[in-house]
Amino acid sequence: MNIYTSPTRASSTARPYLPALTTEGRSTDNSSRDDNCEAVPCLSMEVCKVYPKGPLLVLPERIYLFSEPTVGEILPFDVVINVAEETQDLQTQVPAIEYHHCRWEHDSDIGTDLVLLTSIMHAAAAERKKILIHCQCGLSRSATLVIAYIMKFHHLSLRRAYDLLKSRADKISPPMGLVFQLMEWEAALKATPSAQASDYRKLP
Ligand SMILES: N[C@@H](Cc1ccc(OP(=O)(O)O)cc1)C(=O)O
């Protein structure tokens, strides 16, 4: 399944990031800690080694965050969501995997996709599927999607969802253009209290 999202938001060539926030409440679950996310800088679009140990488990419902994977790296997953415009689309190479590709840039309008993609994640999680969320580096766009998911299905504010993910993958840094859209997402979630309390999954 391919979902093309036109980049309609202009002028985000500079990419301001949220400042580093509190690390209070870091997970004690070493399997989802950020040891994987060592200080290996993203030197270029080609060399993106933020997760040198492979996909990082960031949420208990088998949701992993990663940079651009190889075919071999996605084989263990049931569902793969690729949210980068510039990454290779591996769909035809992994026909057995539920593969979604949303071609986001760092300033794309992602609001509609968030509704669909977080629902896909939620449905897959309910079926105990193993889910990989990735972009090019695993820092901005994929992190934005995971934050949106946490906000909706763990019922956390943007700030708390960001802090939670940051405590598990401390290199994440959603660009300000996407953070603004997460603010809109937060407002939309607040406006729909039906945001399914029954869907709540308690975080460890
Ligand atoms: N711009 C970074 C690399 C980088 C590329 C893409 C990126 O976004 P995402 O995490 O959404 O792929 C983040 C960082 C550098 O020059 O090192």
Side-chain angles (χ1 to χ4, degrees), residues 2-21 32 34-59 63-71 73-74 77 79-91 99-114 116-118 120-121 131-151 158 161-185:
N2 275 291
I3 308 162
Y4 178 73
T5 309
S6 327
T8 52
R9 298 204 180 214
S11 82
S12 188
T13 44
R15 299 175 49 227
Y17 289 104
L18 274 179
L21 300 178
S32 61
D34 200 27
D35 314 11
N36 192 19
C37 197
E38 285 159 2
V40 182
C42 252
L43 297 174
S44 74
M45 299 295 270
E46 289 73 45
V47 184
C48 217
K49 298 286 182 199
V50 179
Y51 304 98
K53 296 178 190 167
L56 177 67
L57 178 64
V58 289
L59 288 176
I63 294 178
Y64 291 72
L65 188 63
F66 196 42
S67 51
E68 183 171 13
T70 61
V71 171
E73 284 168 326
I74 67 174
F77 291 87
V79 177
V80 173
I81 300 180
N82 171 1
V83 286
E85 190 277 332
E86 71 279 21
T87 49
Q88 199 185 349
D89 188 309
L90 299 177
Q91 184 167 31
Y99 189 96
H100 305 272
H101 191 179
C102 262
R103 298 179 182 277
W104 292 355
E105 296 180 349
H106 292 94
D107 56 359
S108 293
D109 188 341
I110 63 170
T112 308
D113 291 340
L114 288 184
L116 176 62
L117 295 179
T118 55
I120 288 170
M121 292 165 72
I131 304 160
L132 179 69
I133 312 297
H134 81 84
C135 48
Q136 174 72 36
C137 277
L139 297 174
S140 305
R141 292 160 289 187
S142 53
T144 299
L145 175 58
V146 174
I147 290 168
Y149 174 87
I150 295 170
M151 292 167 68
L158 168 55
Y162 173 85
D163 284 348
L164 177 80
L165 186 59
K166 187 87 176 165
S167 74
R168 296 175 182 190
D170 71 6
K171 303 298 182 298
I172 62 154
S173 47
M176 200 49 82
L178 298 185
V179 171
F180 283 138
Q181 294 182 73
L182 286 175
M183 292 166 71
E184 292 169 9
W185 176 248

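Throughout, numbering of the chain's residues begins at 1 and tracks the sequence. One-based numbering, in listed order, for ligands and for the atoms of each.
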[X] side chain vs [Y] backbone, donor-acceptor pair below 3.5 Å:
X      : Y      : answer
Arg103 : Ala84  : no
Lys166 : Ile172 : yes
Tyr51  : Gly138 : yes
Glu85  : Cys102 : no
Gln136 : Glu68  : no

Output the list of atoms in ligand 1 that are nearer than 4.0 Å to some heavy atom of [X], sorted by atom number.
X      : result
Gln136 : 12 (O)
Arg141 : 8 (O), 9 (P), 11 (O), 12 (O)
Leu139 : 10 (O)

Can you confirm, on distance only, whether ligand 1 has an N/O atom lying under 3.5 Å from any N/O atom belonging to [X]?
X      : answer
Glu86  : no
Ser142 : no
Cys135 : no

Query raised in the report: Do Trp185 and Met183 come close enough that some side-chain heavy atom pair is under 4.5 Å?
Result: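 No - every pair of side-chain heavy atoms lies 4.5 Å or more apart.
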Compute the minimum heavy-atom distance from His106 to ligand 1 and say whether it is under 4.0 Å.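 Yes.
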Query raised in the report: Which option, Ser67, Gly138, Cys137, owns the non-hydrogen atom nearest atom 12 (O) of ligand 1?
Result: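 Comparing heavy atoms across Ser67, Gly138, Cys137, the nearest one to atom 12 (O) of ligand 1 lies in Cys137.
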